[in-house]
Amino acid sequence: LQLPWSNTKAQRSAKEMFQRIWDFNFLPPGRGLQNCRAEVINIKGAMPLYNCAVVTTADLQKNFSGPFATAADELLMGVGVGFDTKGAGCFSFVAPKHSETPCVIEDSREGWVKAIKTVLDAYVDIGTIPIFDYSLIRPKGSPIKTMGGIAPGPQPLVEGVTALQEILDKKIGKSIQSSTIVDLFNIIGKCVVSGGNRRSAELALGDPFDTEFFDLKDEEKYPEECKS
């Protein structure tokens with residue numbers, strides 16, 4: 001919200017928070033207690049303190065990759081993400097343009113999110129899909145110092161980028177549907193959790209009159225999707 005920082009207000013809020021905890025009126029989320037360290041907050045902002053977030057797809061026609069990139073960013077910080085399917089039917093996908101230009105992905109959360117955003121944008125005629133270079137991403141088993149845990153290596157991102165393109169290649173010339181929205185969020189969630197250290201929590205909120213959404217877990221209607 002770009003609100004200005006006030007030390008006086010912060011101290012007053014901190015004292016009130018302490019008193020409420022001391023009196024057993026409430027407790028912060030476990031994630032808040034875990035990550036409430038100056039080095040984490042100064043680097044990543046307040047998002048790592050939250051349990052949950054929500055994104056809407058209502059404006060997909062204006063900003064297709066936005067909700068998915070935001071969800072990827074939040075999931076990579078360990079936050080659970082809910083999403084809706086309000087963007088279903090609002091536009092059709094186009095064949096992406098490919099480029100021979102290499103794109104070196106940064107070894108950071110932002111680098112992963114940018115790669116996902118680049119792929120998605122190409123299917124609405126924004127930019128191109130380059131040749132991704134994953135060489136800077138730290139190898140599997142390396143420590144993650146700021147948030148803790150072990151790095152998964154580049155393979156989950158490689159597989160995630162590939163899976164996004166496989167899904168969207170089948171949708172070229174077709175209108176986006178609720179099942180596609182759910183598939184894309186699920187691929188991103190799988191990409192984040194594949195390292196074995198993080199957990200991805202997602203909640204899909206569909207229209208109660210959307211029969212396609214209602215049947216997503218029907219193995220007879222979607223045998224391949226249910227298996228995967």
Q.
Can you tell whether the side chains of E16 and R12 come within less than 4.0 Å, N to carboxylate O?
A. no

Taking salt bridge (charged side-chain N to carboxylate O under 4.0 Å, His left out) as the cut-off, I'd like each qualifying pair that reaches into [range], sequence neighbours left out, listed once.
{"range": "residues 68-92", "answer": "D73-R109"}
{"range": "residues 49-62", "answer": "none"}
{"range": "residues 112-134", "answer": "K97-D125, K117-D121"}

Q: Identify, with sequence neighbours excluded, every residue that meets ring pair (Phe, Tyr, Trp, His ring centres under 6.0 Å) alongside F91.
A: F64, F93

Quick one: does [X]'s side chain get under 4.5 Å of [Y]'s, heavy atoms only?
{"X": "E212", "Y": "S178", "answer": "yes"}
{"X": "D207", "Y": "F214", "answer": "no"}
{"X": "I144", "Y": "I150", "answer": "no"}
{"X": "L33", "Y": "L49", "answer": "no"}

(Q) Can a donor-acceptor pair be found, under 3.5 Å and without considering hydrogens, that links the side chain of D215 to the backbone of D218? (A) no

Q | Donor-acceptor pair, side chain of S142 and main chain of P139, under 3.5 angstrom | A | yes

Q) Quick one: do V79 and V54 end up in the same hydrophobic cluster if we chain Ile, Leu, Val, Met, Phe, Trp and Tyr together by side-chain heavy atoms under 4.5 Å apart? A) no

Q) More than 12 non-hydrogen atoms from neighbouring residues, nucleotides or ligands closer than 6.0 Å to CD on E110, yes or no? A) yes

Q. In this structure, are over 12 heavy atoms from other groups packed under 6.0 Å from Y50 atom OH?
A. no

If the condition is side chain to side chain contact (heavy atoms under 4.5 Å, CB included), which residues does [X] pass it with, not counting sequence neighbours?
{"X": "I187", "answer": "A163, L164, I167"}
{"X": "Q19", "answer": "W22, D23"}
{"X": "P29", "answer": "N51"}
{"X": "C52", "answer": "none"}

Q: Quick one: list whatever passes side chain to side chain donor-acceptor pair (under 3.5 Å) with D107, sequence neighbours left out.
A: R138

Side-chain heavy atoms under 4.5 Å apart, restricted to Ile/Leu/Val/Met/Phe/Trp/Tyr: what other residues fall into the cluster of [X], or is it alone?
{"X": "L27", "result": "M17, I21, F26"}
{"X": "L205", "result": "L203"}
{"X": "L136", "result": "V104"}

**Q.** Candidate list I129, V119, V124, test side chain to side chain contact (heavy atoms under 4.5 Å, CB included), partner P96, passing option
**A.** I129

Q | From CD1 (I172) to OG (S92), nearest 0.5 Å | A | 11.5 Å

**Q.** Pairwise distance CD(E159) to NZ(K190) - rounded to 0.5 angstrom
**A.** 7.0 Å

